[in-house]
Number of protein chains: 2
Amino acid sequence: MPINQQILLDNRPKEEATVSNFKLVSSETPALKDGEVLVKHHYLSLDPYMRGRMNDSKSYTAAQALGEVMGGGTVGEIAESKNPKFAVGDKVVGMGGWQQYSVVDGNAPGMLRKVETQYIPLSAYLGSVGMPGVTAWYGLMKICEPKAGQTIAVSAASGAVGSVVGQLAKAKGCRVIGFAGGADKCKYVVDELGFDACIDYKAHPDSKSLYKALKDVTPDGIDGYFENVGGVILDVVLSRMNAFGRIALCGMIAGYNGAPVPITQPQLLLVNRITLRGFIVSEHMEVWPEALKELGTMVAMGKLKFKESVAQGIAAAPEAFIGLLSGKNFGKQLVKLN
Amino acid sequence: MPINQQILLDNRPKEEATVSNFKLVSSETPALKDGEVLVKHHYLSLDPYMRGRMNDSKSYTAAQALGEVMGGGTVGEIAESKNPKFAVGDKVVGMGGWQQYSVVDGNAPGMLRKVETQYIPLSAYLGSVGMPGVTAWYGLMKICEPKAGQTIAVSAASGAVGSVVGQLAKAKGCRVIGFAGGADKCKYVVDELGFDACIDYKAHPDSKSLYKALKDVTPDGIDGYFENVGGVILDVVLSRMNAFGRIALCGMIAGYNGAPVPITQPQLLLVNRITLRGFIVSEHMEVWPEALKELGTMVAMGKLKFKESVAQGIAAAPEAFIGLLSGKNFGKQLVKLN
């Protein structure tokens, strides 16, 4: 039996999450029962929602149990099979967690999905053609409702979700403005992803300066905003929203660690008759087929670009995750496991 | 020609609006041209939106011009007519403004609407069967989407809009919680209007105390919230909203005067996948016939109760308006003009 290295949640964060919240253990993988398969994980996806699960308090996902393997999306291949539906070597997407192997009941619906890797790289199923991609698709298409000629803005624009939001909005004929942290990310967002402009929020320490930068690149205001971050950016964007603007609330990284950042002028939501909606993509499974088809086609045709930030080996996962929470990653954060 | 007393906007408020922002003048009404009618106003409606118009800054309505008659809804009767569509004595609803008479082009579409007063009192067309009533109807039915068995909350519950929101929600089978200022208003809201509970926000000086009071009367949380006030109540209600809750943002009185009150925990909008929408009823004219029919029927049948706070004479309008902004009125604020 292969040795399976795993990362458990050892203790909950007091304020900011740290690597000491996690613990690395290893054990042999168990023998398979009939119907089960052993999946060898190639990549683990690290995502901001995991920070919410580390708390014991109410969030939109159940709290991660202490002493158990951290949950998370994985892609890999069938290493051993006692299920006729899966052959050794099949490439699969699942929720294998922060570990090198997982044993899965191949008959349980929705647990494992076979994918093709001729035109789409395996890791993309954790990014543009996976949960982050569908998240971008849902929030943009169903909440921001992009119309040709309108202006769409998105925070964390170089990230797994934001990069898809912007490229999809461009494909719909919109003017697209991104926010990202640092000149390198902003250059990538404009030069490689084709956004019309990108604001380096780290270059604007106060909201007044950030507002001025935003005003300069949104002469016609903002019609749709896709929020991946929360905090000061949301507050400033509200001041540039046009009447009947739409805001999709997808992530609040800024609020996960430490104190929440308030919306200082809620009256603007009324003055501009804004529609704001929080959502979680896993509650909208009905759109996944349509979204994955559009996203997969765009990736296969080279019309949806993405970048990955790959940490090497399971032991590197905690540090990579902490980095993700403070925006150190550049593109979709993955961990190479096998 | 009758003498027409009028109230003009003399100067804009620095922070809080005061009676010194207004000026009373009088002049003879002009002679009518062909097609025009002279309307003698019985009642003027005072509404919170007027405070927004007193500022020069961006709001959802155009700023009120300095030196001109304050705009506002009125009900009255035709005193003189050079238009065959209107006979002397006809009862009409219009936007006559803060004055005793207005001259109206009877052929201009939407300027004057003849109403019946056999089953519905004339003043109700400025309240439950007028703009405030349709406002309540739209925000509740189209945004809060009340479902039998769910819990709906509304602020300014004894007011022109809030009282209709609550009674409509009860008619739809909901549990209904109101907020109002003072024991008298709360007693009226529960005993007369039939709400399940009403919280006297003045009895709760801090948000912790207000939260506890709200929790006690919302054992199953809140599914829909109709916001007439803004400020601390909105912030506290957010902590009691259920997943997929709906918030209709109709009024932000607390923000009109002085500093806006922030939303301190915007992450709750995401955690609970809230849909929040600001609206202005005048932008949804398509619902008025349906809404007025339901509201008029309910009033005529005695199933929609309302209360009026009537100031006497045009000269009393400014003080009554300032009182409205601080919640001194009890029920729909009117001014008896003639």
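Below, all heavy atoms of this structure are taken into account, side chains as well, without hydrogens, waters or symmetry copies. Each chain gets a letter, A, B and so on, in the order the sequences are listed, and its residues count up from 1.
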Residues passing the ring-ring contact (aromatic ring centres under 6.0 Å, His included) test with B:W98, sequence neighbours excluded, are B:F22, B:F321
Rounding to 0.5 Å, atoms CG (A:L270) and CD (B:E227) come to a distance of 9.5 Å
Rounded to the nearest 0.5 Å, the CZ atom of A:R277 sits from the CZ atom of B:R246 at a distance of 12.0 Å
### Message
Counting only heavy atoms not in A:K147 (residues, nucleotides, ligands), do more than 12 fall under 6.0 Å from its NZ?
### Response
yes
Looking only at B:I143, B:T275, B:D235, B:I247, most heavy-atom pairs under 4.5 Å shared with chain A are made by B:T275
Cut-off 4.5 Å, heavy atoms of chain A, and the answer for B:L276 is both
Counting heavy-atom pairs under 4.5 Å with chain B, the top scorer among A:I274, A:I263, A:L234, A:L268 is A:I263
Heavy atoms only: give me the nearest [X]-[Y] pair and the separation to one decimal.
| X | Y | result |
| --- | --- | --- |
| B:L249 | A:P266 | CD2-O, 4.3 Å |
| A:Q267 | B:P260 | OE1-CB, 3.3 Å |
| A:F244 | B:E283 | CZ-OE1, 3.1 Å |

